[in-house]
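Structure, as structure tokens:
As the structure is a computational prediction, the values presented were derived from the model and not from experiment.
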Amino acid sequence: MTDPLLAHEIFFGTARPDAARVQRVVSDALQGMDDGELFLEYTQSESLVFDDGRLKNASFNTAQGFGLRAVKGETSAYAHASEWSENALKRAAATMRMADFGQAAVQDVHPARFGTNAALYTDVNPLREVPFEQKIALLQEIDAYLRARDARVRQVTVSLSGVWQAVQILRADGDAASDIRPLVRMNVSVVAESGGRMESGSSGAGGRVAYANYIAESGWQQLAEEALRQALVNLDSIPAPAGELPVVLGPGWCGVLLHEAVGHGLEGDFNRKGTSAFAGLMGKRVAAEGVTVVDDGTLADRRGSLSIDDEGTPTGRTVLIEDGILTGYLQDRLNARLMGMKATGNGRRESFAYAPMPRMTNTFMLSGDAAPADIIASVKRGIYAPYFGGGQVDITSGKFVFSASEAYLIEDGKITSPVKGATLIGNGPEALKKIRAIGNDMQLDHGIGTCGKSGQSVPVGVGQPTLLIEGLVVGGTAVA
């Protein structure tokens, strides 16, 4: 966890409100409440986009503000402002106290004090690490490299983004926690043409690291080559079959299906309200034997990791499904208290302008014991999907639709022709029970995930081993 003195220098410097007076305002505002906190944030961010041979966009932004929350029973009141002053805080406190908290008796709740957690990433500000001119030169170099690499390349888009965020959380009892969070990402997209046909490919990576990983030639060349490979593969693709087929999902990024179709359904708020397809199933079988799903916010340098969550709770490793049995939910403090469970360090918010809610960090399925080659060999006719594009899911029913940005036919146990337009349609809870083989090759994604929920977006990680799911509906243009 970051040294609290550093956060105090950011938030309580000479031009800031006095820390002791701020604490008094917070304590007064939260008197008689079950829970609540003051969330302080200072963020610097930048984004560079190089497209069509020139710099198309360059932006830099600084944001700061606070959010003040009071919780009593099931009711939360939240006020926020981008003006950081004692008067603004007092106005927010007065506005928040106007909320109707009902007549329920105040519970005798004494929220646990902040724990400690290991620092999981550097506190270096990536925006100050590399000169602007060097970043532009890097994007130009990647563009020139790909155009020289293959004559079929028609368009190259390269983006580089970085964030440096400082947060501090204060409670009514004077407890405080703070964190410094870097986040960077690089993405490369390629459009290739052959015989009048154009196809695209993309690759990205990122994490809570500095830019050094991507400035190095070995880092960006790998992304460039992967984007080009996908585009060239898609040039040779044939129409995807349609019908119910066995589907083999590749390791790593395909865990986004697990994230969307299963992970959201295991967040505490949906289960407390009974709106999740997994509500009321704790301790029961919800997946095939061998399926173990974990959410872990403690992985060093990962995009979804946090030393503390946005309520100040240290993150942890939460086993959600163990050997097919539902064993846990993802909890923030509010839902954990109302459900009589322990907060798991999954209270997250997009920024100071939002109240926290239960969200995933890095969510993945553990490895099984099957060799990936044996899984492919076991399929007479099906689809192999190593990479997904977009998708959507209905939390209540568990139904999902995902498009595969790269996919292949499996014929007589061998991967053959690439296919275009493959869409996977199914139901998350049902798909878990249809898993027939789990590979021994679990991988995490390369650090590109962003999760949306209730209008908020937060960085996340996903992962899984190679999986065989029996009988998913494949939407395509050819008859299977």
- Please check if any side-chain donor atom of Gln155 sits under 3.5 Å from a side-chain acceptor atom of Asp51, or the reverse. yes
- Task: Return yes if a side-chain donor-acceptor contact under 3.5 Å exists between Thr315 and Arg348, otherwise no.
- Result: no
- Going by atom types only, do Gln222 and Glu226 share a side-chain donor-acceptor pair under 3.5 Å? no
- Message: Before you tell me yes or no, could you show the steps for Glu46 and Lys135 under salt bridge (Lys or Arg N to Asp or Glu O under 4.0 Å), namely the whole-Å CA-CA distance, both residues' side-chain angles and the distance that decides it to 0.1 Å?
- Response: CA-CA 11 Å; Glu46 70 175 2; Lys135 297 170 189 174; 2.6 Å; yes
- Message: If the condition is side chain to side chain contact (heavy atoms under 4.5 Å, CB included), which residues does Ser45 pass it with, not counting sequence neighbours?
- Response: Asn61, Val163
- Asp143 and Arg147 ion-paired at < 4.0 Å: yes
- Note on the structure: The complete set of salt bridge (Lys or Arg N to Asp or Glu O under 4.0 Å) pairs with one or both residues in residues 149-160, sequence neighbours excluded, reads Arg149-Glu225, Asp150-Arg152, Arg154-Glu193
- Could you tell me whether a side-chain N or O of Ser200 sits under 3.5 Å from a main-chain N or O of Val191, the two making a donor and an acceptor? no
- Message: Going by the rule salt bridge (charged side-chain N to carboxylate O under 4.0 Å, His left out), which residues pair with Arg302 if we only count those two or more places apart in sequence or in a different chain?
- Response: Asp445
- Applying side-chain hydrogen bond (donor to acceptor under 3.5 Å, both in side chains), which residue pairs with at least one partner in residues 352-376 are found, sequence neighbours left out? Asp295-Thr361, Asp295-Thr363, Ser305-Asn362
- Message: If you define the side chain from C-beta out and look only at heavy atoms, does anything of Phe60 sit under 4.5 Å from Leu127?
- Response: yes
- Task: Taking salt bridge (charged side-chain N to carboxylate O under 4.0 Å, His left out) as the test, write out the residues that go with Asp332, two or more places apart.
- Result: none
- Sequence neighbours left out, what pairs pass salt bridge (Lys or Arg N to Asp or Glu O under 4.0 Å) with at least one residue falling in residues 393-410? Arg229-Glu406
- Basic-acidic side-chain contact under 4.0 Å: Glu37, Arg333: no
- Can you tell if the side chain of Arg197 reaches within under 4.5 Å of the side chain of Ser237, non-hydrogen atoms only? yes
- Message: We want to know whether Thr416 and Glu411 form a side-chain donor-acceptor pair, criterion being a heavy-atom distance below 3.5 angstrom.
- Response: yes
- Charged N-O contact under 4.0 Å between Lys434 and Glu244: no
- State whether a side-chain donor-acceptor pair under 3.5 Å links Thr43 with Arg181. no
- Query: Are Asp310 and Arg69 within salt-bridge range, i.e. N to O under 4.0 Å?
  - Reply: no
- Query: Any donor and acceptor pair, going by atom type alone, linking the side chain of Ser276 with main-chain N or O of Gly265 inside 3.5 Å?
  - Reply: yes
- Mark yes or no for whether Asp323, through its side chain, and Glu289, through its backbone, hold a donor-acceptor pair below 3.5 Å. no
